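Just below is one structure, and these are the notes that go with it.
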Amino acid sequence: AILRERPTNERALFVLGGIKRDLDKLDEAAAHFETVLKINPKFEPAYYELAGVRLFQNKPNATLATLKRAGEQFKPNFINKFYAGLAHSSLHQYPKAIENLLEAEELAQAAEKNRLTHFFYFQLGAAYERNRQYDTAHSSFEKAIGMSPEYHNAMNYLGYMWADINRNLDEAAKHITKANELSPDNASYVDSLGWLYFRQGKFTEALAELQRAAELMKDEPDSTIHEHIGDTHQQLGQADEARAQWEKSLGLLHKQEAEMTSPDSYLLEQLGNVLNKLGQADKANAAWQRSYDITPNQPLHKKLHPAEKEE
């Protein structure tokens with residue numbers, strides 16, 4: 001009734017945008033919030049609602065553009081910096097993500113401490129992990145778990161991080177085991193368990209769990225799971241089976257590469273790893289070089305220049 005009488009009532013449109021968002025009608029929600037801002041560019045909450053919708057739509061550049069418009073008019077606040085951090089993470093721009101998330105944390109500590117939830121520290125930990133700052137990531141994940149002791153997503157991420165870099169395997173085992181207890185038949189968690197067994201040298205047990213993870217993901221095959229299965233077959237002396245799994249992983253990675261909307265250093269590094277396992281050294285080096293150009297780091301440097309001696 002309000003909108004029929006006053007179709008430019010920005011508050012009614014704002015409420016309607018929230019309803020559409022909650023109904024997962026994101027295009028309609030975004031249109032309502034955009035209209036609110038056209039009517040009243042000083043309606044600050046609409047910027048953050050619109051930015052949040054753009055994040056859910058996987059449109060991080062649109063998110064950042066909206067937040068920039070808000071930042072030019074209003075004082076810095078938690079939600080602006082938090083959403084900016086998530087958008088930069090989505091764009092694989094992890095140093096910028098960390099910078100924004102730390103600014104969000106500082107702003108919240110000054111005025112909105114309730115904003116600093118287990119989910120916030122999970123996102124901060126994930127950005128640190130992607131930026132290869134593993135010890136700092138560990139602290140953030142532990143903080144998230146401390147706030148929410150059954151937060152299995154953080155347990156699995158932390159445990160897999162340690163298993164993947166082959167460090168702190170006892171701690172990795174504690175977290176991965178607990179995550180699997182809390183969320184059985186979660187394919188990502190089962191893959192983590194299989195990869196933990198691989199790192200522990202339990203290759204038969206590893207293969208069983210990794211194959212179970214692949215079965216759980218059969219409708220949406222995962223390149224990492226199939227790479228892990230290939231690695232395990234290789235350790236068991238099953239060369240043909242290993243190659244078949246790496247070929248499957250490679251096909252999935254090429255599909256991901258074709259769909260890549262922003263430079264993804266990790267994807268390109270994994271592509272190089274699988275190509276190298278398949279004996280395609282030149283293509284592997286090309287992929288690693290593309291990855292290194294995005295995010296220079298010592299492990300990639302070693303892959304590109306294996307003959308160099310450490311000083």
Side-chain angles (χ1 to χ4, degrees), residues 51-68 71 80-105 119-138 140-141 144 153-154 156-158 160-165 188 191-192 220-225 227-228 249-276 283-304:
V53 168
R54 294 306 189 200
L55 271 176
F56 278 116
Q57 291 177 310
N58 195 27
K59 295 180 178 179
N61 286 313
T63 300
L64 291 170
T66 300
L67 296 172
K68 184 173 184 290
N80 191 316
K81 295 300 182 181
F82 179 55
Y83 281 171
L86 298 185
H88 283 300
S89 282
S90 184
L91 290 165
H92 315 294
Q93 298 167 351
Y94 300 111
K96 287 184 179 179
I98 292 166
E99 178 185 339
N100 278 276
L101 290 171
L102 289 177
E103 286 184 43
E105 182 183 35
F119 180 72
F120 173 83
Y121 284 107
F122 174 80
Q123 294 297 330
L124 181 59
Y128 276 127
E129 185 275 334
R130 292 284 88 179
N131 208 44
R132 300 174 192 266
Q133 294 174 251
Y134 301 117
D135 291 320
T136 316
H138 171 259
S140 293
F141 288 133
N153 203 6
N156 177 68
Y157 202 131
L158 176 55
Y160 181 80
M161 178 186 82
W162 287 139
D164 200 41
I165 62 174
S188 294
D191 173 62
S192 296
E220 296 180 58
D222 180 88
S223 59
T224 300
I225 292 173
E227 182 186 4
H228 286 166
S249 178
L250 181 62
L252 293 166
L253 286 166
H254 279 314
K255 183 179 178 183
Q256 289 175 257
E257 182 188 15
E259 296 170 352
M260 191 167 59
T261 56
S262 58
D264 185 346
S265 177
Y266 268 83
L267 174 62
L268 293 169
E269 182 178 4
Q270 187 187 2
L271 179 61
N273 294 345
V274 174
L275 285 164
N276 189 56
K283 290 182 179 179
N285 280 320
W288 285 334
Q289 186 63 57
R290 289 169 64 199
S291 178
Y292 187 84
D293 290 343
I294 298 165
T295 309
N297 60 78
Q298 192 59 29
L300 270 173
H301 183 86
K302 287 182 180 179
K303 289 177 182 179
L304 288 164

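The residues of the chain are indexed from 1 along the displayed sequence. Since this is a predicted model, take the numbers as computed values, not measurements. The basis for the numbers below is simple: all heavy atoms, side chains too, and nothing from hydrogens, waters or symmetry mates.
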Partner of Glu257 under side chain to side chain contact (heavy atoms under 4.5 Å, CB included), picked from His254, Lys255, Glu259, is His254

Shortest non-hydrogen contact from [X] to [Y]?
X: Leu67; Y: Ala84; answer: CD1-N, 3.4 Å
X: Asp222; Y: Thr224; answer: OD2-N, 3.0 Å
X: Leu275; Y: Ala287; answer: CD1-CB, 4.5 Å

Relative to each other, are the rings of Phe82 and Phe119 parallel, tilted or perpendicular (30° and 60° limits)?
->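 Aromatic pair Phe82/Phe119 classed perpendicular.
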
For a quick test of your reading: what N or O donor-acceptor pairs under 3.5 Å do the side chains of residues 120-129 make, sequence neighbours left out?
{"residue": "Tyr121", "atom": "OH", "partner": "Glu105", "partner atom": "OE2", "Å": "2.7"}
{"residue": "Glu129", "atom": "OE1", "partner": "Tyr157", "partner atom": "OH", "Å": "2.7"}

Non-neighbouring partners of Ser90 that pass side chain to side chain donor-acceptor pair (under 3.5 Å), sequence neighbours left out = Asn58

[Y] side chain reached by [X] side chain, heavy atoms, under 4.5 Å:
X: Thr63; Y: Val53; value: no
X: Ile98; Y: Asn131; value: yes
X: Arg54; Y: Tyr83; value: no
X: Trp288; Y: Lys302; value: no
X: Asn273; Y: Lys303; value: yes
X: Gln93; Y: Pro60; value: no

To the nearest 0.5 Å, what is the distance between [atom1] ([X]) and [atom2] ([Y])?
X: Ser188; Y: Asn153; atom1: OG; atom2: CG; result: 8.5 Å
X: Ile294; Y: Leu268; atom1: CD1; atom2: CG; result: 5.0 Å
X: Leu253; Y: Glu227; atom1: CG; atom2: CD; result: 7.5 Å

Given side chain to side chain donor-acceptor pair (under 3.5 Å), test Ser249 with Ser223 step by step and report yes or no.
-> CA-CA 4 Å; Ser249 178; Ser223 59; 4.8 Å; no

Does CZ belonging to Phe56 count more than 12 external heavy atoms closer than 6.0 Å?
->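 12 or below, so no.
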
How about Glu220: does its CD atom have over 12 heavy atoms from other parts shown lying under 6.0 Å from it?
-> no

Can Asn285 and Gln289 be counted as having a side-chain donor-acceptor contact under 3.5 angstrom?
->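 Side chains of Asn285 and Gln289: no pair found under 3.5 Å.
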
Test your reading of the model: is there a side-chain donor-acceptor pair from [X] to the backbone of [Y], 3.5 Å cut-off?
X: Asn276; Y: Gly272; value: no
X: Thr295; Y: Ser291; value: no
X: Thr66; Y: Ala62; value: yes

